[in-house]
Protein chains: 2
Amino acid sequence: MIKGLSKKEKLLQIAARHFSKHGYEGVSLDAIAKEVGITKAAIYYHFKDKEALYEAVLLFRLENLIVHIKASITAEEPEEKLRQYIESFGAFLEEYPCFAAILAHEFADDGKHMSEKAVQTLAQPLGTLTAILNEGIDQGVFTIQNPFAVQLMIVSSFVLHQTTAGLRKRVAHYVQEFAVTPEPDIKDLAKTLATKIIKAIRKEQ
Amino acid sequence: MIKGLSKKEKLLQIAARHFSKHGYEGVSLDAIAKEVGITKAAIYYHFKDKEALYEAVLLFRLENLIVHIKASITAEEPEEKLRQYIESFGAFLEEYPCFAAILAHEFADDGKHMSEKAVQTLAQPLGTLTAILNEGIDQGVFTIQNPFAVQLMIVSSFVLHQTTAGLRKRVAHYVQEFAVTPEPDIKDLAKTLATKIIKAIRKEQ
DNA sequence: CTATCCTTACCTGTCGTTAAGTAAGTATAT
DNA sequence: ATATACTTACTTAACGACAGGTAAGGATAG
């Protein structure tokens, strides 16, 4: 406890990085243990099995996310709420890039490794977004045929932006037009996304 | 050759499904071979190794995609071109849902398993989209600070829509508002996406 | 006879998981 | 104060299952 982190906290942190880089199935407990500086069996002292370790990593960040988003939404009008939601979501993923990659892997295989509790926890921030969109529709400031498509645009853009930096760089090498445009950081992206999405769904009087 | 598919074609098709469900690392050649009805060693007769099999699967669909998109874009004006691009991209992913999932996995781990040639091939349809956006900007019909964000919205929304059907259903169980809205199929999504994105980037006179 | 297309049998390495053991620390009883 | 009992936080060593990969040989068709 004199050091900043206990072994268990260090384990969780390093595990998060491994899961983010290789996905659930691609991660080896040997590799994690080696980096933490313990043996693989020691992981089984702290967690029941690989699944339990993974769930701890996932739930930890998901719960952080809920708190972070709730604290960021202070406005009254749906339009401003939506802007705050988008920007706080972006800021969170910037702070924890590992979490974005874990979500990306989870989305890619349809939540295969998510426990029911993890799904339930993920549902909370998504529910908040849905509520904002519905509120806007009810108040007549948004027109959305399909709130779900709007959600997908927001969440998927952020998550994949955070994970595909290297790939985009490789692709850019073969696309002349790409090279001209500078890569936006996630805060620029959040601003652009918020502006574009609000413009797209705003009901004109 | 009397049957519709040669063993090699069947192998490619089943491999595609396996890679789409489990990602590169999660796939076992034994499992693929078993389903094809051959032994694992037979795979090594057709392909040098696991990587080569994977690349064949990926390149095959990527080349399909290029042809499909090129054939779909017939309009002259950037706005209509963009609509055609979005809708043909959506239609292609609907026809080959495995491909969407493979892309999703590849995006999640930053193209780790993509060869240089695969990256180059992926660059083509993305280049087409970039060109459409740039053309619109040049002609003064689009205002986009950041074409890249628009690309990300289109591609990521489609890909993750195709892969996360099961997860969305599970999440919906915990979000009351979700249940009300019916799930759009990908063609609805493509239409919504095209309309919203064009509205978002259209320059008003 | 020969090339194509496969099978059998096997190797090596790594995976998640477990059993068993241990050094160090804490709590309690005397 | 000290012996005893128990917990915490690991290690060592091994398990069976399965991974990707290969060498050698057999079947089949032209």
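Every chain is numbered from 1, with letters handed out A, B, ... down the list of sequences.
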Please report, rounded to the nearest Å, how far the [atom2] atom of [N] is from the [atom1] atom of [X].
X	N	atom1	atom2	value
His22(B)	dG20(D)	NE2	P	12 Å
Lys34(A)	dT14(C)	NZ	P	10 Å
Glu25(A)	dC15(C)	CD	P	14 Å
Lys10(B)	dC6(C)	NZ	C1'	15 Å
His18(B)	dA19(D)	NE2	P	11 Å
Asp30(B)	dG13(C)	CG	P	18 Å
Leu11(B)	dC6(C)	CG	C1'	13 Å
Ile38(A)	dT8(D)	CD1	P	17 Å

CZ (Phe60(B)) with more than 12 external heavy atoms under 6.0 Å =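 Not buried by this count: 12 neighbours or fewer within 6.0 Å.
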Side-chain contact test, heavy atoms from C-beta onward, threshold under 4.5 Å: evaluate it for Lys21(B) versus Asp109(A) and give yes or no.
->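 In short, these two side chains do not touch, never coming nearer than 4.5 Å.
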Only counting residues at least two apart or in another chain, list the ones meeting side chain to side chain donor-acceptor pair (under 3.5 Å) with Thr164(B).
->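 So Thr164(B) forms a side chain to side chain donor-acceptor pair (under 3.5 Å) with Arg168(B).
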How would you label the contact of Val27(B) with the nucleic acid (heavy atoms, under 4.0 Å): base, sugar-phosphate, or nothing?
->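 Sugar-phosphate, no base atom in range.
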Assign the ring pair Phe158(B) / Phe89(B) to parallel, tilted or perpendicular, where the plane angle (0 to 90°) is split at 30° and 60°.
->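 Taking Phe89(B) first and then Phe158(B), their aromatic rings sit tilted (interplane angle of 30° to 60°).
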Run the numbers on Leu189(A) and Asp185(A) for side chain to side chain contact (heavy atoms under 4.5 Å, CB included), then give the verdict.
-> CA-CA 6 Å; Leu189(A) 181 73; Asp185(A) 75 355; over 6 Å; no
Strictly below 4.0 Å, heavy-atom distances to any atom of DNA chain C: list the hits from residues 40-50 of chain A, or just say none.
->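 Lys40(A), Ala41(A), Tyr44(A), Asp49(A), Lys50(A), in order of number.
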Ser28(A) or Thr39(B), whichever maps to the more 5' nucleotide of DNA chain C =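 Mapping each residue to its closest nucleotide by heavy atoms, the 5'-most match is Thr39(B).
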Run the ring-centre check on Tyr54(B) versus Phe47(B) and record whether the distance is less than 6.0 Å.
->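 No, too far apart.
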